[in-house]
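Only heavy atoms go into these numbers, but all of them, side chains included; no hydrogens, no water, no symmetry mates. For clarity, every value in this text was computed on a predicted model and none was experimentally measured.
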Protein chains: 2
Amino acid sequence: MPKGETPTDPRDPPQTVEAFRNRLMALNGQLPRRLQQCADHVATHMDHIALSTVAQVAQGAGVPPSAVMRFCQEMGFSGYAEMQRLFREALSRAAPDYATRLANLKAGGAGQPATLVAEFVEAGRQSMEALARDLDESALNQAVETLSQARTIHLAGFRRSFPVASYLAYVFDKLGVPAVLHDGVAGLGHRSTLQQGDALLAITFAPYSEETLSLAAHARKTGVPVVALTDPAASQVSGLADTLLTVTEIDFGAFRSLSAVIALALSLAVAVAARRET
Amino acid sequence: MPKGETPTDPRDPPQTVEAFRNRLMALNGQLPRRLQQCADHVATHMDHIALSTVAQVAQGAGVPPSAVMRFCQEMGFSGYAEMQRLFREALSRAAPDYATRLANLKAGGAGQPATLVAEFVEAGRQSMEALARDLDESALNQAVETLSQARTIHLAGFRRSFPVASYLAYVFDKLGVPAVLHDGVAGLGHRSTLQQGDALLAITFAPYSEETLSLAAHARKTGVPVVALTDPAASQVSGLADTLLTVTEIDFGAFRSLSAVIALALSLAVAVAARRET
DNA sequence: AGGAAAATGGAATATCCGTTCCATCGTTCA
DNA sequence: TGAACGATGGAACGGATATTCCATTTTCCT
């Protein structure tokens with residue numbers, strides 16, 4: 001760097017985690033070996049930075065501390081401390097007083113309704129996190145593929161799954177996607193409407209409702225592809241489905257907040273609608 | 001403390017945030033002035049501890065650092081470092097790599113189904129936080145009171161609110177609470193079943209469905225108390241309800257994940273069932 | 001193959017922070 | 001009122017951690 005030009009050093013540091021991520025991707029592939037190791041490790045454990053020391057990050061990446069130091073400067077920071085500040089601020093903004101508030105609600109006393117809210121909120125949040133963590137992207141893509149090619153989508157979900165199925169019916173209707181909700185209103189199913197070229201979306205969780213299982217079995221026999229939205233341990237269902245989408249819903253007491261299931265179901269619906277329009 | 005008894009010092013430190021909070025409450029009121037200042041500040045800014053230094057906490061509480069030090073020991077820790085460890089561990093368990101994973105999903109590309117999941121999860125999480133933050137406890141208690149005294153609970157919710165209403169019907173049934181779901185199956189309501197001594201739980205969000213509003217109006221005229229579960233800006237509803245429970249549901253695109261509404265509705269149902277049994 | 005430039009690892013250094021200690025002040029009880 | 005005990009604040013200490021520097025190795029280009 002002979003002239004006043006120092007192309008790597010005096011950049012302004014990323015101000016947001018988003019910007020950090022972008023620069024990380026931009027640098028990817030054009031870094032020396034050790035620096036690349038740092039980049040890789042940081043990319044996959046970005047949330048560790050806020051609470052780790054240089055030595056810990058270095059050990060995690062399998063490099064000496066000085067390499068981490070160079071990496072920070074390569075990213076535009078003056079050093080590790082400045083980089084860490086970014087993540088600490090992001091972390092404290094993420095959980096402002098929400099955790100405190102939750103705890104206060106819980107502390108109100110076991111009998112208080114507000115305590116129940118706190119518990120259900122907590123269960124819902126955990127379910128969401130589990131969904132984001134464990135989502136099987138290829139299964140999801142396959143489900144979208146299958147459903148978007150169907151002439152009509154059949155929705156099956158009873159008992160605790162019925163709210164999800166009925167919401168999907170509403171959403172599909174809004175989106176202009178032909179869908180039938182198998183609600184069993186008159187005591188019999190819409191079984192005869194299952195035809196070649198359709199697809200079945202079966203939503204069921206343990207204990208699996210008999211109606212849903214038999215409908216899925218019937219669909220398979222008819223040659224209608226079955227997408228199942230269920231919990232991970234669904235051994236009874238796996239044999240009946242072409243595509244298996246699993247969600248772990250944390251429950252509180254005997255009841256589930258359904259938040260993760262609905263989030264996944266909604267995504268599926270919107271993706272299918274988008275896919276059909278192209 | 002003449003004998004071997006030292007009742008305040010060599011206690012085992014709290015192992016969980018919960019235990020910490022308990023000891024804090026137990027100590028409240030029986031601490032010297034400066035220590036009490038520390039306790040107050042810590043109680044209201046518990047989430048700051050994980051990322052702050054002694055000096056920062058001390059400044060926040062308006063005391064010298066040594067006072068904070070004594071406070072930590074009074075709480076049973078060897079010092080500030082040990083106390084901070086508790087909160088750091090809680091924090092890192094709270095956000096494992098969930099944030100990273102979400103970002104990765106989002107980064108997949110705008111058209112990807114997985115991106116949608118990330119968006120809906122994010123919307124759901126925000127809704128949950130908003131619920132915990134803004135919950136009106138007294139309104140909730142009043143709603144529980146009203147519904148638990150009802151002979152029969154009538155559930156009204158159409159269109160996007162129908163899944164919530166139908167889930168409540170399921171839950172109430174499980175809990176042995178008499179509840180009627182107004183589903184309008186045969187093209188007419190169950191209006192005539194609304195009787196003195198019953199209560200109506202009306203679930204509706206903008207744009208408010210005509211059926212729900214007119215049912216609520218009818219209930220009022222009949223002398224049946226109305227509990228409304230709706231969004232904060234519900235001016236049309238406020239005149240029709242005796243108790244107003246509001247939820248802010250963040251939406252993504254045109255659709256809502258319903259997670260906060262369901263969490264609140266579930267809490268209401270369980271609290272009502274518990275109340276009736278006593 | 002040889003030399004220059006870049007990269008690397010580890011040791012030395014400087015900074016920050018937690019912790020302790022002690023002198024002073026206030027309070028309480030005899 | 002005075003003595004004793006607890007509380008308080010600040011300064012000094014010690015440990016840990018970020019940061020820098022330099023000798024050595026590796027890589028790349030001629």
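- To the nearest angstrom, C1' of D/dA18 lies 17 Å from CD of A/Gln59.
- Atom OH of A/Tyr80 and atom C1' of C/dC16 are 15 Å apart (whole Å).
- Taking the six-membered ring where tryptophan is involved, the planes of B/Phe87 and B/Phe20 are perpendicular, since the angle between them exceeds 60° and thus also 30°.
- Legend: ring pair (Phe, Tyr, Trp, His ring centres under 6.0 Å) pairs involving residues 253-273 of chain A, not counting sequence neighbours: none detected.
- Between A/Gln73 and D/dT20 there is a side-chain polar atom (N or O) within less than 4.0 angstrom of OP1 or OP2.
- If you take CZ of A/Arg85 and P of C/dT15, they are 19 Å apart, rounded to a whole angstrom.
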Under 3.5 Å, which donor-acceptor pairs do the side chains of residues 55-63 of chain A form with other protein atoms, sequence neighbours left out?
residue : atom : partner : partner atom : Å
A/Gln56 : OE1  : A/Thr53 : N            : 2.8
A/Gln56 : OE1  : A/Thr53 : OG1          : 3.4

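- A ring pair (Phe, Tyr, Trp, His ring centres under 6.0 Å) check over residues 126-146 of chain B, counting only residues at least two apart or in different chains, returns nothing.
- One atom, CE of B/Met69, and another, C1' of C/dC22, lie 17 Å apart when rounded to the nearest Å.
- We find that CD of B/Gln36 is positioned 17 Å from C1' of D/dG6, with the value rounded to whole Å.
- The distance between atom CZ of A/Phe71 and atom P of D/dT19, rounded to the nearest whole Å, is 14 Å.
- Residues that satisfy the side-chain hydrogen bond (donor to acceptor under 3.5 Å, both in side chains) test with A/Gln126, not counting sequence neighbours, are absent from this structure.
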Footprint string (nucleotides 7-16 of chain D, 5' to 3'): B base within contact, S backbone only, - free, heavy atoms under 4.0 Å: SBBB------
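- Across the protein-nucleic acid pair, A/Gln37 atom CD and C/dG9 atom C1' stand 13 Å apart, rounded to whole Å.
- Rounded to an integer number of Å, the gap from B/Leu31 CG to D/dG6 P is 15 Å.
- A search for side chain to side chain contact (heavy atoms under 4.5 Å, CB included) contacts involving A/Ser127 returns A/Glu249, A/Ile250, A/Ser259, A/Ala260, not counting sequence neighbours.
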